[in-house]
Amino acid sequence: MTRARGRGHSAPLCDPARGRSMHPYRTHHCAALGAHAVGETVRVSGWVHRKRDHGQLLFIDLRDHFGITQIVFQPETAPFATAERVRLESVLTVTGRVVARAPDAVNPKLATGAIEVACDTIEVLAGADTLPLEVNSERDYPEETRLAFRFLDLRRERMHANVLLRSQVIASIRRRMEDQGFVEFQTPILTASSPEGARDFLVPSRLHPGKFYALPQAPQQYKQLFMMAGFDRYFQIAPCFRDEDARADRSPGEFYQLDLEMSFVEQEDVFQAVEPVIAGVFREFSTKTVDTPFPRIPYREAMLKYGTDKPDLRIDIECAEVGDIFDGSDFKVFAGAVAKGQVVRAIPAPGAVGRPRSFFDGLIAFAQSLGAPGLGYIQFQAGEAKGPVAKFLDAGRLDAIKERCRLGDGDAVFFACDTDAKAAQLAGEVRTRLGAELELIDTSAFRFCWVVDFPMFEWDDEAKAVGFSHNPFSMPQGGLEALETRDPLEIRAWQYDIVCNGVELSSGAIRNHRPDIMVKAFEIAGYDRSVLEERFGGMFKALHYGAPPHGGIAPGIDRIVMLIAGTDNLREVTAFPLNQRAEERVLGAPSPVSDKQLKELNLQLSLTAREALAAERAEHPEAAPAGADGGD
RNA sequence: GGGGGUGUAGCUCAGUCGGUUAGAGCGCUGGCCUGUCACGCCAGAGGCCGCGGGUUCGAGUCCCGUCACUCCCGCCA
């Protein structure tokens, strides 16, 4: 295994002030030694990565953050006996002479493979118990084990690299943002609960009995206040907290955003500022291609062509509406549905002709597993149209489908027939699955896009009323006039998403900086002005004292690093993530607290909570008692 | 809150149609080995088959329940 961590300084780590005495731990790190150092007496410290015991000759691969150096032990010396006993992952300091390896003993796979250190003295700084997971292998371990022993997991090559990558990506983002005139500010971590959005994490107030702080779901309101305070361009690598359930691409509890906001800008100005930062970072840390500018795709078009508002553009398949072609046809199922106002979405399957029957049946079963009644399809082969749907369509209709979906000989096409929203969603799922099964995904590229023109309002079927579809503080396109004169469901917002390879990196918006427009927008969504004043009082008040037009976005740092690292799980790029049940297993969060702490906070536990704690204590009597904090 | 998958040695996994003493690799312990670099060879220890109940002459295997992990829906910008 070749380790290439950090920069390979070859200069000795000697402090001149120490004079001739050797540093107690090391003169070089474990990637620093090479042919140039042959003959020197050196000292290295690190972990026992691997051991090869030949009885009368013993090798230890000593590993530190920077790399690996082979230590060789000769028999019948004191260090030999110590080295034989020592377990993997123990921490050693070795002093010895750098010797050149014989030509046939050089290891080209190791950066330091031309030399080895012949051990004179060895000191075991810290022994290691038998390991719950192997540091020196790529083997997969249960996530439970990895998280409980995260300090070991993080010693492993891949995780160590991912954590470093994350740090480097963030440093690069900071540099790029500052180069563009953005200034980094902090915002409060102890803030107020807001009625919109996700469930809050709450922190009880000692000084205000019965009141709570909330951890910020995002610094949204504060960054807008920075704009109102006259700072032109804000950014922050911002921690965000949301008490919602986990997904593979959504950490429970906490995550980080590149939060940014700009004054006196329109949507396109935000794109111009963000695009070079994102494209630049992806290009810097990946060999995959990044095409700029990112295409701008209206929300309606995304739903029609890709069946989702976060399209994976690596898949070269575009869906099309073909309801009009089935209208009045002999294929009564679709014709009848179209007459009722439903739609038919066509999903091309390039080159799918000749696939076994099981391929088509599999897709139908897939559609049914998503709640669809089924999935029609046609195969075009040798000038003929085949399949259960084709015989009900005349030549004109078949040609129309072929033309609209840009199909040729050897291509197939699937049909999703349902209401607009349901057909779009099904088409999107089928498109993604076809991309994978037909191996149409271009894995050598990051394909970004901006999805724009999201609707401002949407029909809430449960409430039987118009509600906000995204952020209520976004500026409606057309401003006050649009709100006063147009059908609310036709009004679009200056609201946008940035999407990469089907992963939503962020959404953002041009904000509504006009209190009069805000009052009108809330009125349309069924909220009285008083709601605005009571629930968003701080923001609403600030808008009355000269708020500049402003807008921004907040791309997810974790997802960016995840994509660059080429993994599909956020926990692979987070040093100490919470598990699915929002627990941190190394230190044991969340944990019970002492009665004294509860009393100070004016909190009492419910019977349910007390019973749960008692049951847990009965099961794990060894668990640490509450309130045993070491300080520092 | 709901659905799917998984649960066998410290770890990764196999275990046939329900049938005798539950296996392999890695790791661990002991022995041998002077040029390895995933060193090699020999031997050994290590199992509440997640837990509880049921069906059966007989359950790792089938059924019910439950717990844990994980993926998804709900939720979430």
Side-chain angles (χ1 to χ4, degrees), chain A residues 1-2 49-63 68-76 80 84-85 87-89 99 101-110 112-114 116 118 128-149 152 196-200 217-218 220 240-253 255 257 259 309-310 369-371 425 429 451 454 468-474 495-499 503-509 552-556 559 568-569 571 579-581 583 585 615 619:
Chain A
M1 189 187 336
T2 307
H49 187 68
R50 197 164 266 133
K51 242 168 86 171
R52 290 174 295 280
D53 186 350
H54 292 243
Q56 296 304 305
L57 186 67
L58 170 60
F59 300 99
I60 283 181
D61 289 340
L62 198 67
R63 182 198 74 240
I68 287 177
T69 295
Q70 176 167 284
I71 316 294
V72 60
F73 298 82
Q74 295 298 339
E76 288 160 24
F80 187 93
E84 267 199 313
R85 277 198 315 273
R87 269 205 207 90
L88 294 183
E89 292 308 308
V99 296
R101 298 198 198 181
D104 61 338
V106 166
N107 183 357
K109 287 190 283 185
L110 211 58
T112 59
E116 61 197 352
D129 292 345
T130 302
L131 301 171
L133 57 83
E134 293 164 28
V135 173
N136 64 17
S137 92
E138 289 286 300
R139 161 180 299 181
D140 202 20
Y141 284 87
E143 199 152 43
E144 197 181 356
T145 308
R146 294 178 55 196
L147 293 180
F149 293 90
L152 289 178
E196 287 288 316
R199 195 178 295 119
D200 285 316
Q217 296 186 20
Q220 178 66 36
C240 304
F241 306 91
R242 291 174 193 160
D243 189 3
E244 296 294 346
D245 290 338
R247 290 286 182 280
D249 64 351
R250 197 173 82 206
S251 300
F255 61 97
Q257 290 181 340
D259 195 43
D309 59 3
K310 42 182 180 181
S369 76
L370 296 172
Q425 191 189 356
E429 298 282 356
V451 177
F454 279 86
F468 289 115
S469 73
H470 273 75
N471 186 331
F473 300 114
S474 298
Q495 167 97 37
Y496 37 84
D497 279 6
I498 183 167
V499 174
V503 175
E504 182 190 316
L505 285 185
S506 172
S507 51
I553 193 167
R559 286 186 180 174
D568 54 8
N569 191 322
R571 292 184 293 271
N579 66 15
Q580 186 128 0
R581 296 206 311 163
E583 299 163 323
R585 293 292 304 281
E619 207 169 323

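Model, not experiment: these values are computed from the prediction. Below, read A as the first sequence line, B as the second, and so on, with proteins coming before strands; counting in each chain starts at 1.
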What contact category does A:Gln220 fall into here, base, sugar-phosphate, or nothing, at under 4.0 angstrom with non-hydrogen atoms? nothing
To the nearest Å, how far apart are A:Asp249 CG and B:C75 C1'? 14 Å
Does A:His54 stack onto the base of B:C39, taking stacking as ring centres under 5.5 Å apart and planes under 30° apart? yes
Could you work out, with side-chain contact (heavy atoms from CB on, under 4.5 Å) as the rule, every residue matching A:Glu504, not counting sequence neighbours? A:Lys310, A:Asp497, A:Ser507, A:Arg559
Can you sort out the partners of A:Asp309 under side-chain contact (heavy atoms from CB on, under 4.5 Å), two or more places apart, ordered by chain and number? A:Tyr299, A:Met303, A:Phe454
Which atoms of nucleotides 4-7 of chain B (N or O only) lie under 3.5 Å from a protein N or O atom, and what are those distances?
none

For RNA chain B, produce a single dot-bracket line, 5' to 3'. Pairs: Watson-Crick or G-U wobble, both distances under 3.5 Å. Symbols: ( ) within strand, [ ] crossing, | other strand, . unpaired. (((((((..((((.....[...)))).(((((.......))))).....(((((..]....))))))))))))....
Between A:Phe59 (CZ) and B:U34 (C1'), how many Å, whole number? 8 Å
All N/O contacts under 3.5 Å from nucleotides 27-30 of chain B to the protein, with atom names and distances to one decimal?
from  : atom 1 : to      : atom 2 : distance (Å)
B:U29 : OP1    : A:Arg87 : NE     : 3.3

Residue set satisfying side-chain hydrogen bond (donor to acceptor under 3.5 Å, both in side chains) with A:Arg52, at least two apart, ordered chain then number -> A:Asp61, A:Gln70
Any residue meeting ring pair (Phe, Tyr, Trp, His ring centres under 6.0 Å) with A:Phe468, in chain and number order, not counting sequence neighbours: A:Phe457, A:Phe522
Taking CG from A:Asp309 and C1' from B:C76, how many angstroms apart are they, rounded to a whole number? 14 Å
Could you tell me whether a side-chain N or O of A:Gln257 sits under 3.5 Å from a main-chain N or O of A:Cys240, the two making a donor and an acceptor? no
Taking B:C75, B:C69, B:C33 as options, the one with an atom nearest any side-chain atom of A:Arg581 is B:C69
Between P on B:C26 and NZ on A:Lys51, what's the gap in Å once rounded to a whole number? 17 Å
N/O donor-acceptor pair under 3.5 Å between A:Arg87 side chain and A:Asp129 backbone: no
Under the rule for side-chain hydrogen bond (donor to acceptor under 3.5 Å, both in side chains), what residues qualify as partners of A:Asn107, not counting sequence neighbours? none
Measure from the side-chain heavy atoms of A:Asn569 and tell me the nearest of B:A38, B:C33, B:C71. B:C71
Can you list everything that forms a side-chain hydrogen bond (donor to acceptor under 3.5 Å, both in side chains) with A:Ser474? Sequence neighbours excluded, please. A:Gln495
According to side-chain hydrogen bond (donor to acceptor under 3.5 Å, both in side chains), who are the partners of A:Glu143, at least two apart in sequence or on a separate chain? A:Arg571
Test of understanding: with side-chain contact (heavy atoms from CB on, under 4.5 Å), list the residues that count as partners of A:Glu84, not counting sequence neighbours. A:Asp53, A:Leu58, A:Phe80
Is there a donor and acceptor pair, one atom on the side chain of A:Arg50 and one on the base of B:C37, closer than 3.5 Å? no
Among B:U70, B:C37, B:C69, the one nearest any side-chain atom of A:Arg571 is B:U70
With rounding to whole Å, what would you report as the distance between B:A9 and B:C49 at their C1' atoms? 10 Å
Looking at residues at least two apart in the chain, or sitting in another chain, which of them share a side-chain contact (heavy atoms from CB on, under 4.5 Å) with A:Gln425? none
Rounded to the nearest Å, what distance is computed from the CZ atom of residue A:Arg199 to the C1' atom of nucleotide B:G74? 11 Å
